[in-house]
Number of protein chains: 2
Amino acid sequence: MLDNSSNKTEQQILEAAYRVFQKKGRAGARMQEIADEAGINKSMLHYYFRNKDSLFRKIFMQSIAEFLGSVIPMLNNVETTWQEKISDFIAHYNTFLTKRPDLPLFVMNEINQHPDEFFNQLQIENILMHTVFFNQLSAAAERGEIRTIHPIQVFVTMLSNIVFPFIAAPIIKKVAAFTDSNWEHFMEDRVRITKEIIINYLEKV
Amino acid sequence: MLDNSSNKTEQQILEAAYRVFQKKGRAGARMQEIADEAGINKSMLHYYFRNKDSLFRKIFMQSIAEFLGSVIPMLNNVETTWQEKISDFIAHYNTFLTKRPDLPLFVMNEINQHPDEFFNQLQIENILMHTVFFNQLSAAAERGEIRTIHPIQVFVTMLSNIVFPFIAAPIIKKVAAFTDSNWEHFMEDRVRITKEIIINYLEKV
DNA sequence: GTCTATATACGGATAGAC
DNA sequence: GTCTATCCGTATATAGAC
């Protein structure tokens, strides 16, 4: 699931750390809790990973890789239309986040807290702007098929409508008095509405 | 700005705590840093507020009140149409968050971390569902003027499209290589697009 | 009310036996 | 590699003088 590490204990630590860090955050996480979660001794953590910070960085970079890796390839698929990409992206991302509901808040937090540390290690300037998806949108706009709009606005709209509900899930559930089944249904609707709302808007030239 | 507290020192503490907690989070914040920021001694913090936790709770509840108080009245305005409410809400919220960019992440974090503590203190079940705005949407749908859609979906769409960009601001700025002026322009566009996208969708029966 | 000094607790990290 | 015991820095909290 997480890594191709050789050792079984190391693997257990990574998975435990993944859970604890995502739930409690970098500052809130406790080495003791990670050890307990992994079913091992506290000092083992220091044996495998030098200290809390280096363990955290490992987990964080894995999380980022998940976050990006599940998404970027889809935007560079040369065999789908931009409409299909929007549809695929939204559906796929929703499925992904259903399995990792804590990931967005975890990643956003850390980037806000230590932006330099993050941006120094990861070159993301050109990761989006030159995707097939962005080119398709620009071309379609130039042909007058869709509104003229900065592709980044389209992308942020997709992201916002799917990611934010996961971030605000506890509030939404409470405000709307949702059961788990209500919530599932709500997110199914959300996926459909988000697709419709964006494609609908773009195509109304 | 923050509270109607009598004492000047108390006021300085509250404002300092507000900044530090929002920036560093509950676990990451340091009493020393709050004291420095307030220009006072560390032990003063304990004199005015018993301990870190009670100080935090005070700040958090104020933040929540800001968050809600700036929004709910607008949805209960009996003199505006639902279209105007959508427009007002989005514009106002954007202005508000421009001044308090750290608020959403701060609030979401805390609610995710200690949901019970929060929900026990604040009754929010009925805060939205019976607003004038929701009634207007339901009525319009019944008259066949707009699509039939759960009002909560409309609300979450509004919120998502404006709040999420603030949460993801560092990433967006980096990915799109935005200057500050670019960012401002981007958010102006976002406000306009968000309004259009929602009203456009609803009215296309 | 405000300060200095200090107690106390906690959590990360290390030493060293096995 | 894994454990127990322990160290030590840091952060919260309190005591007590002024």
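Letters go in sequence order (proteins before strands), and every chain restarts at 1.
In this pair, F186(A) and F178(A) present their aromatic rings tilted. The plane angle is within the 30 to 60° band.
Going from atom CZ of R30(B) over to atom C1' of dG9(D) covers 12 Å, rounded to whole Å. In this structure, CD of Q32(A) is placed 14 Å from P of dA5(D), rounded to the nearest angstrom.
Among the atoms of the strands shown, only primed sugar atoms or phosphate atoms (P, OP1, OP2) are found under 4.0 Å from some heavy atom of A29(B). Contact annotation for F49(B): no contact, since no heavy-atom pair falls under 4.0 Å across all strands. Residue contacts for N41(A): at a heavy-atom cut-off of 4.0 Å it reaches a base atom on one of the strands shown. Across all strands, Y47(B) comes closer than 4.0 Å to base atoms (heavy-atom distances). Among the atoms of the strands shown, base atoms are found under 4.0 Å from some heavy atom of M44(A). When heavy atoms are screened at a 4.0 angstrom cut-off, T9(A) is found touching the sugar-phosphate backbone but no base atom.
The cationic group of R147(A) lies under 6.0 Å from the six-membered ring centre of Y201(A) and within 45° of the ring axis, placing it in a cation-pi geometry.
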Inset, instruction - Could you check S87(A) against R192(A) for side-chain contact (heavy atoms from CB on, under 4.5 Å), going step by step and ending with a plain yes or no? - result: CA-CA 9 Å; S87(A) 192; R192(A) 182 180 49 75; over 6 Å; no
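Separation of the F106(B) and F21(B) ring centroids does not fall under the 6.0 Å cut-off. Residues F89(B) and F133(B) keep their aromatic ring centres 6.0 Å or farther apart.
Q136(A) and T80(A) get closest at one heavy-atom pair: NE2-O, 2.9 Å.
Taking the 5' to 3' direction, DNA chain C first and last meets chain A under 4.0 angstrom from a heavy atom at dG11(C) to dT14(C).
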